Trainee: 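Just dropping this structure here.
Remember, it's a predicted structure, so these values are computed and weren't measured experimentally.
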Amino acid sequence: MPPSDDRTHASTPARTDAQFRRTRRRLRACQECDLLVALPPLRAHECAKCPRCDHTLSHRHYRPAERSLALAITALIALAASVSFPFIRFEARGISNAIQLTDTASSLIGFREPFVGILVLLTIVVLPIFFLSAVIWLQIGLLRRAPLPRSRQIARALAHLTPWMMADVFVIGALVSLIKITGMASVELGLSFWSFCTFALLLLWTTRSLDTDWMWFSLESEPLAPAGCETGRPAAEQGVTGCPTCGLVNRLSHFGRGRCLRCREALRFRGPHSVQKTWALLVAAVIFYIPANVYPIMNTASLGNETASTIVGGVMIFIAHGDWPIALIIFIASVVVPIGKMISLAWLCFAVRRRDGADRRHKRLKLYRITEFIGRWSMIDVFVVAILVALVHAGSLLSITPGPGALAFAAVVVITMLAANTFDARLIWDSRDMQPKMPVALKRHSPYSPVKEAEDV
């Protein structure tokens, strides 16, 4: 059922007080275009989308608590198997080596690349464990109809973890690594490899199974939205904003600040200095991208001869061996995606100042969605280095070590992801600056001192 039907019903002049209160409990401000809409009643397998930008506002699942709980427990079991058995076994010239999943991070730390090693460990093991444990904790409380302690804080953390879990990207990186070393040695896949593939699929299903709207309603109910709100208009023009974590519509102070009444998330009309922060992160990404391509990302030593491989050099090696599909994957993930993401975000930062028609704004929003989605896939090259460094370690006969380009490229991936998260997509739809300026007279008498004002911004 489209949200626009409920919005039309909500604006009917003859509505009763009960209808008005029910509508105020279902108000949502779209997080991508800021349009204020009223959600209709949803049944299982139905979703409500924004009538202006087509952003999904709510997606109802059948038995959401049982579904998420079962998937999260199964995913944790698969992850436990992944870290308990051999991941890949390598044999070359009579020398064999078997690694476990966690060796991909510990080997990098041993080669004095702690940042890259910790990043690998966080994205494939630590953050997924925390995410799945949090889901289990929340759903058990909801099934008992008595939320467990700290449920609100845990539910807030879930919304910020999803983009940084990259088990599915690691699987693709493992497949690329296997193809890369197949010609120089024999490789045997362990039980951990298949368990991790299963875990990556289950983790993806778990993230998609979360019914955030239902979960927050079950945890903290839903207070009435501020009175006087009109659907079909931008929320910021009415002095309200939607919480990016739980979705509740809140009224902000004349300073443009506030906290969500339900989840206590800090709120602003728009991300403070969103465009300037995005520009700063893009400049940092460009600076790091230069050494990421100039310096080798890994070094291969065979019988005393050492060969340094840059990102583009690795693509050319795959092409020389006739592995065009793998070369294309590496080229897209390590060259096209980072450059395209930086150019796209730079264009969006420039275009938000232009007030064009709805069609162009739709295209810009689609560009932002694509940019935000593809950024994490640049980690493929980092995961390839992590696996090869841990696996190919046969002394002077054959060994692979990380190069300085790996650290620079990992920094590029992280910074570009932060830049995409910092950019406020609602700026694309604004007809004017929606972030209120605090007058000097108010600053002197407000509870926000100039020092606090600078810290908040």
Trainee: Is it true that the side chains of Ser68 and Ser209 contain a donor and an acceptor less than 3.5 Å apart?
Mentor: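 Their side chains do contain a donor-acceptor pair, which is all the 3.5 Å distance test asks for.
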
Trainee: Counting the benzene-type ring for Trp, do Phe193 and Phe196 have ring centres under 6.0 Å apart?
Mentor: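 Here the rings of Phe196 and Phe193 have centres that are no less than 6.0 Å from each other.
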
Trainee: Below 4.5 Å, heavy atoms only, C-beta onward: do Arg60 and Trp214 meet side chain to side chain?
Mentor: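 Yes; the side chains approach each other to less than 4.5 Å.
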
Trainee: Test salt bridge (charged side-chain N to carboxylate O under 4.0 Å, His left out) on Arg43 and Glu46 and set out the steps.
Mentor: CA-CA 6 Å; Arg43 295 188 293 270; Glu46 290 183 339; 3.3 Å; yes

Trainee: Using the side chain to side chain contact (heavy atoms under 4.5 Å, CB included) criterion, which residues pair with Thr162? Sequence neighbours excluded.
Mentor: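 Counting only residues at least two positions away or on another chain, Thr162 forms a side chain to side chain contact (heavy atoms under 4.5 Å, CB included) with Phe131, Thr207.
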
Trainee: With sequence neighbours left out, write down each residue that passes side chain to side chain contact (heavy atoms under 4.5 Å, CB included) with Tyr295, or none if nothing qualifies.
Mentor: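 Partners of Tyr295 by the side chain to side chain contact (heavy atoms under 4.5 Å, CB included) criterion, ordered by chain and then number, come out as Pro291, Pro404.
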
Trainee: When you compare the side chain of Leu108 with that of Pro402, does any pair of heavy atoms fall below 4.5 Å?
Mentor: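 Yes, their side chains come closer than 4.5 Å.
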
Trainee: Just jot down the side chain to side chain donor-acceptor pair (under 3.5 Å) partners of Ser334, sequence neighbours excluded, or say none.
Mentor: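 Partners of Ser334 by the side chain to side chain donor-acceptor pair (under 3.5 Å) criterion, ordered by chain and then number, come out as Asp381.
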
Trainee: Heavy-atom distance under 4.5 Å between the side chains of Leu407 and Phe288, does that happen here?
Mentor: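 No - every pair of side-chain heavy atoms lies 4.5 Å or more apart.
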
Trainee: Please check if the distance between the ring centroids of Trp429 and His362 is under 6.0 Å.
Mentor: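 Distance test on ring centres: under 6.0 Å, yes.
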
Trainee: Atom CG in Asp34, atom OG1 in Thr241: separation rounded to 0.5 Å?
Mentor: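 OG1 of Thr241 is found 6.0 Å from CG of Asp34.
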
Trainee: Counting the benzene-type ring for Trp, do Phe350 and Trp347 have ring centres under 6.0 Å apart?
Mentor: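 Centroid distance Phe350-Trp347: below 6.0 Å, so yes.
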
Trainee: Atom CZ in Arg233, atom CD in Glu230: separation rounded to 0.5 Å?
Mentor: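 It is 5.0 Å, given to the nearest 0.5 Å.
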
Trainee: Looking only at heavy atoms, which two atoms of Ile311 and Ala292 are closest? And how far apart?
Mentor: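 What the structure gives for the nearest pair is CD1-O, 3.6 Å.
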
Trainee: Working to the nearest 0.5 Å, report the span between SG of Cys243 and CZ of Arg264.
Mentor: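 Separation between the atoms: 10.5 Å.
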
Trainee: Are Glu222 and Arg28 close enough for a salt bridge, meaning some N to O gap below 4.0 Å?
Mentor: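 A salt bridge links Glu222 with Arg28.
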
Trainee: So which atom in Ala420 and which in Lys341 form the shortest heavy-atom distance, rounded to 0.1 Å?
Mentor: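 The pair with the smallest heavy-atom distance is CB-CE, 3.9 Å.
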
Trainee: How close do Ser218 and Leu142 get, heavy atom to heavy atom, and via which atoms?
Mentor: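 Shortest heavy-atom separation between Ser218 and Leu142 comes out as CB-CD2, 3.6 Å.
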
Trainee: Where is the tightest heavy-atom contact between Val83 and Ser192, given as atom of each residue plus distance?
Mentor: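 Result for this residue pair: N-OG, 4.3 Å.
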
Trainee: Assess whether a salt bridge exists between Arg259 and Glu265, defined as any Lys/Arg side-chain N lying under 4.0 Å from an Asp/Glu carboxylate O.
Mentor: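 Salt bridge absent between Arg259 and Glu265.
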
Trainee: If you look at every heavy atom in Leu122 and Pro128, which pair is closest and at what distance?
Mentor: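 Looking at all heavy atoms of both residues, the closest pair is O-CD, 3.6 Å.
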
Trainee: To the nearest 0.5 Å, how far apart are OG in Ser58 and CG in Asp211?
Mentor: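 The distance works out to 5.5 Å.
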
Trainee: Quick one: pull up CZ in Arg369 and NE2 in His55 and give me the separation to the nearest 0.5 Å.
Mentor: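 Arg369 atom CZ to His55 atom NE2 measures 7.5 Å (nearest 0.5 Å).
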
Trainee: Supply the atom-to-atom distance Leu148 CG to Trp137 CH2, rounded to the nearest 0.5 angstrom.
Mentor: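 Output value for this atom pair is 5.0 Å.
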
Trainee: Quick check: closest heavy atoms across Val337 and Gly375, and the distance to 0.1 Å?
Mentor: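 Smallest heavy-atom distance, with atoms named: CG1-CA, 4.4 Å.
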
